Amino acid sequence: MTIEWGWFPDHADEMTRLTADHLATAVPAVLLGLLIALPLAVLAHRVRPLRGFVLGASNILYTIPSLAFFVLLLPITGLTRTTAIVGLTAYTLVVLVRNTVEGLDAVPVKAREASKAMGTKPLRTLLTVELPLALPVIMAGVRVATVMSISLVSVASYIGYGGLGQLFTDGFQRNYPTPVIAGVILTLLLALVADALLVTVQWLCTPWRRGTSRQRTSKLWKRA
């Protein structure tokens with residue numbers, strides 16, 4: 001297997017276009033999945049009898065093979081980007097719903113009781129106490145869902161919206177490894193950059209954890 005390094009600069013515009021196309025499918029899927037997962041998770045957390053149903057339904061969606069899922073959506077959404085986004089959104093739910101439920105479960109009871117004692121309404125308690133405290137666990141799910149979506153977009157090349165997956169298809173059809181390797185590298189880079197950005201967002205949104213981390217580090221240094 002040989003790589004033609006001259007192919008990369010010659011196809012820089014194509015790779016840029018496909019990368020943007022890749023993100024145009026992956027990012028909306030994660031955002032839409034998060035918008036759906038949050039109320040479902042809150043419902044599963046507050047109404048215990050529904051927990052098993054909500055988590056089970058998201059797990060069932062994840063068991064459907066991605067290619068088959070896209071085919072099932074074709075009669076409804078057609079050969080459009082919507083088909084790819086809807087399919088990917090469904091797959092993100094298994095991670096986002098479960099992590100959000102677990103994050104809300106981990107919120108200390110004393111924090112809720114203190115908010116209630118101050119006369120805070122349930123909705124405000126959810127928005128100002130529970131969700132912020134659950135944010136680290138939720139963000140862990142968002143990171144996994146983002147990387148998963150970026151990797152699965154390539155499967156949507158079957159319907160013409162696979163982003164960098166088109167490089168895989170082109171390379172395999174022509175038995176030409178260079179586009180395949182380019183697609184793999186760019187997909188990995190996208191996943192790494194997206195994960196790094198989400199880690200930064202989490203760090204900015206959880207200032208109270210920075211002090212805790214510093215205290216733990218200083219204690220470790222003192223013990224050493």
Side-chain angles (χ1 to χ4, degrees), residues 18 21-107 126 130-131 134-166 168-169 183-184 187-188 190-192 194-195 197-199 201-202:
L18 291 177
D21 189 61
H22 204 97
L23 289 172
T25 303
V27 173
V30 176
L31 294 176
L32 185 58
L34 190 59
L35 287 175
I36 297 172
L38 284 175
L40 286 177
V42 172
L43 183 65
H45 172 70
R46 296 278 176 87
V47 186
R48 295 288 171 167
L50 291 178
R51 175 187 291 254
F53 174 77
V54 172
L55 294 178
S58 62
N59 288 335
I60 289 173
L61 287 174
Y62 191 70
T63 61
I64 304 174
S66 54
L67 188 57
F69 203 173
F70 291 141
V71 172
L72 290 173
L73 289 171
L74 285 178
I76 304 172
T77 53
L79 286 169
T80 62
R81 191 185 302 275
T82 303
T83 301
I85 292 175
V86 170
L88 294 174
T89 299
Y91 288 126
T92 65
L93 294 179
V94 67
V95 178
L96 295 175
V97 172
R98 184 172 297 278
N99 273 57
T100 305
V101 170
E102 291 177 355
L104 292 172
D105 287 345
V107 174
L126 174 67
E130 293 180 282
L131 286 178
L135 190 60
V137 181
I138 296 173
M139 286 301 296
V142 173
R143 290 171 60 190
V144 173
T146 301
V147 172
M148 182 175 65
S149 293
I150 289 174
S151 65
L152 284 176
V153 168
S154 301
V155 182
S157 59
Y158 174 79
I159 59 173
Y161 290 93
L164 294 169
Q166 291 182 231
F168 302 154
T169 304
V184 170
T187 302
L188 286 172
L190 273 183
L192 290 172
D195 189 62
L197 287 174
L198 289 172
V199 169
V201 170
Q202 179 180 338

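Keep in mind that what you see is a predicted model, and the values were worked out from it rather than measured.
In this structure, Leu88 and Val153 have side chains that are in contact, with non-hydrogen atoms separated by less than 4.5 Å. At a threshold of 4.5 Å between non-hydrogen side-chain atoms, the residues Arg98 and Leu93 do not count as touching. By the 4.5 Å heavy-atom criterion applied to side chains, Tyr161 and Thr83 are not counted as neighbours. Side-chain contact check for Val97 versus Leu38: every heavy-atom pair is 4.5 Å or farther apart. Looking at Leu74 and Leu79, their side chains come closer than 4.5 Å, going by heavy atoms from C-beta outward. At least one side-chain heavy atom of Thr187 sits less than 4.5 Å from a side-chain heavy atom of Phe168. Within the 4.5 Å cutoff, the side chain of Leu35 has no heavy atoms near those of the Leu31 side chain. Counting heavy atoms from C-beta outward, Leu131 and Ile138 have side chains that approach closer than 4.5 Å.
To the nearest 0.5 angstrom, Ser151 atom OG is 12.0 Å from Leu164 atom CG. Separation of atoms OG1 (Thr146) and CG (Leu190) is listed at 11.5 Å; rounding is to 0.5 Å. One distance of note links OG of Ser149 with CD1 of Ile85; it measures 10.5 Å at 0.5 Å rounding. With rounding to the nearest 0.5 Å, the separation of CE in Met139 from CG in Leu34 is 9.0 Å. Atom CG of Leu152 and atom CG of Leu67 lie 11.5 Å apart (nearest 0.5 Å). Tyr62 contributes atom OH, which lies 11.5 Å from atom OG of Ser58 (distance to the nearest 0.5 angstrom).
Here the closest non-hydrogen pair linking Leu73 and Gly87 is CD1-N, 3.7 Å. When every heavy atom of Val54 is checked against every heavy atom of Ala44, the shortest pair comes out as CB-CB, 4.1 Å.
Asp105 and Arg48 are joined by a salt bridge, as a carboxylate oxygen and a charged side-chain nitrogen come within less than 4.0 angstrom of each other.
Counting only distance, with no hydrogens or angles, the side chain of Thr92 and the backbone of Thr89 share a donor-acceptor pair below 3.5 Å. Using a distance-only test at 3.5 Å, with no hydrogens or angles considered, a donor-acceptor pair links the side chain of His22 to the main chain of Ile150. With hydrogens and angles disregarded, no donor-acceptor distance shorter than 3.5 Å links the side chain of Asp195 to the backbone of Ala191. Judged by distance alone, the side chain of Tyr91 and the main-chain N or O of Met148 form no donor-acceptor pair under 3.5 Å. Between the side chain of Asn99 and the main chain of Val137, a donor-acceptor pair closer than 3.5 Å is present. For His45 (side chain) and Val101 (main-chain N/O), no donor-acceptor pair under 3.5 Å exists by modelled atom type.
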Please report the C-alpha distance between Arg81 and Val86 in whole Å, then the side-chain angles of each, then the deciding distance to 0.1 Å, and finally whether the side-chain contact (heavy atoms from CB on, under 4.5 Å) criterion is met. CA-CA 9 Å; Arg81 191 185 302 275; Val86 170; over 6 Å; no
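With hydrogens and angles left out, the side-chain atoms of Thr77 and Thr82 include no donor and acceptor closer than 3.5 Å.
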